[in-house]
Amino acid sequence: MRALPPITITPAILTSTTCTEPSAGEAVWSAATAYKNGDRVFSATTHRLYEAIARKSASVTIANAGSALITWANHGLTADTPVVFSTTGALPSAIASGTTYYVLADTANTFKIAASAGGAAISGSGAQSGVHTVATTANLGQNPATAGDSWWVDVGPTNRWAMFDLLRNTGTTTGSPLTVSLTPGQRVDSIGVVGIVADTVAVTVTVSGATVYTASANLLKRPTSGWYDYFYGAFRYRQEFARFDLPPYTNAVITITLTRANGNVTCGGVVLGSSVYLGATQHQAESDALNFSKIDRDDFGTATLVPRRSVPRTVQALRCRKTDVDRILQLRDDLNATPALWSGLDDQESGYFSALLIVGVYKRFTISMDQPEDALISLELEEV
């Protein structure tokens with residue numbers, strides 16, 4: 001069993017990629033656009049997608065002399081943001097309930113309004129009563145990278161960056177080939193690529209322009225249990241690839257290439273770092289799945305099936321040396337609620353390799369010191 005704690009892939013580490021940003025269906029945020037509820041944009045600063053919250057409201061006071069100065073503490077509204085008013089009583093005569101007005105930026109706690117964007121300030125004359133409420137009708141000028149969750153909901157990474165986000169079940173999908181070059185700037189000796197939909201995968205390590213390591217695999221397989229399957233069985237994609245023998249150069253450039261003859265390629269996740277050997281996986285390891293699909297039956301027993309995600313999990317027992325226990329304890333602390341790649345076997349040609357490889361977190365990590373020189377580790381792992 002090896003555990004591979006990931007290094008964080010930053011824009012500085014991502015040297016190049018053939019996956020464009022924005023990808024199809026992605027739009028960069030613009031300060032000049034008024035976004036409606038549910039509109040999605042991405043931030044070129046954070047490389048994440050955000051969903052707009054257009055309606056923000058508060059009870060306000062309106063000055064009843066001169067321009068209708070509206071007080072709303074820490075309103076955060078930018079000039080030209082559209083707003084509407086409602087009241088439990090009567091608004092000043094120049095302001096109509098339900099009519100769209102536009103903010104004239106004033107201070108952090110006050111603003112005026114106009115009948116059109118950039119227009120003249122509206123008067124606050126006339127008797128008023130009751131509690132007045134102002135609500136925005138669009139999200140304007142609120143930078144998703146800095147505005148916070150009152151204006152935007154973070155819905156995940158962009159397509160380009162989805163393969164590096166291990167906290168969500170996301171993936172990068174693009175045309176073939178997908179080629180990604182990473183410059184870690186530190187020693188790494190292992191890589192894992194999961195959630196793959198491709199015919200082939202290749203990993204190359206170069207140092208100062210010279211290739212020092214290459215590994216590849218054909219991912220299109222036809223599982224067979226006899227001659228009929230050999231000739232007529234369906235092809236399946238192997239979805240994972242791992243190597244634990246990368247040369248640990250500090251100035252290495254690591255290039256991952258996925259190719260597919262027909263259709264787009266997908267990369268569900270990339271884990272790069274230095275692996276830690278935990279011990280030998282024992283017999284009776286288990287591969288399981290948490291099925292979140294919903295099955296309802298009516299009074300006649302007719303089933304309604306709602307398919308949802310099935311989350312892989314494994315239960316494994318390992319035997320390690322007593323001298324490794326301190327190092328393993330440190331790893332357990334480091335990987336608390338932190339996704340990592342866990343590989344129960346080194347032999348990738350084993351029929352059990354895929355079943356015992358998981359990118360996720362440990363739910364149970366028990367070390368039983370039942371022998372003078374060896375310890376038994378009980379691991380329960382769950383995919384993120």
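In what follows, every heavy atom counts, from backbone to side chain, and hydrogens, waters and symmetry copies are set aside. Everything numeric here is computed off the predicted structure, so don't read it as measured data.
What you find for Cys267 and Leu178 is that their closest heavy atoms are CB-CD2, 4.1 Å. Shortest non-hydrogen contact noted between Ala355 and Thr314 is O-CG2, 3.4 Å. The two residues Pro92 and Gln128 make their nearest non-hydrogen contact at CG-NE2, 3.8 Å. Closest non-hydrogen pair, Ala303 versus Arg297, comes out as CB-NH1, 3.6 Å. Residues Ala138 and Pro82 come closest through the heavy atom pair CB-CG, 3.5 Å.
Residues passing the side-chain contact (heavy atoms from CB on, under 4.5 Å) test with Pro312, sequence neighbours excluded: Ile358, Glu383. Residues satisfying the side-chain contact (heavy atoms from CB on, under 4.5 Å) test with Ser181, not counting sequence neighbours, are Thr15, Ser16, Val253, Thr255. Considering only residues two or more places apart in sequence or on other chains, Ala145 meets the side-chain contact (heavy atoms from CB on, under 4.5 Å) condition with Ser43, Thr45, Thr46, Asn143. In this structure Asp370 satisfies the side-chain contact (heavy atoms from CB on, under 4.5 Å) test together with Arg319, Ser368, Leu376, sequence neighbours excluded.
Through direct or relayed side-chain contacts under 4.5 Å between Ile, Leu, Val, Met, Phe, Trp and Tyr, Tyr101 connects to Trp29, Tyr35, Val41, Tyr50, Val60, Ile62, Ile70, Trp72, Leu77, Val83, Phe85, Leu91, Ile95, Val103, Phe111, Ile113, Ile122, Val134, Trp151, Trp152. Counting Ile, Leu, Val, Met, Phe, Trp and Tyr side chains that sit under 4.5 Å apart, directly or through other members, Ile295 shares a hydrophobic cluster with Leu305.
Here Leu379 contributes atom CG and Lys363 contributes atom NZ; the two are 13.5 Å apart, rounded to the nearest 0.5 Å. Distance check: Asp346 CG to Arg243 CZ gives 11.0 Å after rounding to the nearest 0.5 Å. To the nearest 0.5 angstrom, Thr266 atom OG1 is 10.5 Å from Ile196 atom CD1.
A continuous path of Ile, Leu, Val, Met, Phe, Trp and Tyr side chains, each step under 4.5 Å between heavy atoms, connects Val265 with Val193, placing both in one hydrophobic cluster.
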Run the side-chain contact (heavy atoms from CB on, under 4.5 Å) check on Arg313 and Val311 step by step: do they pass?
-> CA-CA 7 Å; Arg313 62 186 292 272; Val311 179; 6.0 Å; no

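Val359 is not listed as a side-chain neighbour of Val384, based on a closest heavy-atom distance of 4.5 Å or more. At a threshold of 4.5 Å between non-hydrogen side-chain atoms, the residues Asp165 and Trp161 do not count as touching. Within the 4.5 Å cutoff, the side chain of Val180 has no heavy atoms near those of the Thr172 side chain. Using a 4.5 Å heavy-atom threshold, the side chains of Pro339 and Leu167 count as touching.
For the residue pair Thr18/Thr179, the side-chain donor-acceptor check at 3.5 Å is not satisfied. Under 3.5 Å, the side chains of Thr71 and Thr110 contain no donor-acceptor pair of N or O atoms. Of the N and O atoms on the side chains of Ser354 and Glu240, at least one donor lies less than 3.5 Å from an acceptor on the other residue. Using a 3.5 Å distance cut-off with no hydrogens or angles, the side chains of Tyr277 and Asp324 do not pair a donor with an acceptor.
Between Tyr232 and Tyr228, the two ring planes are tilted [angle within 30° to 60°].
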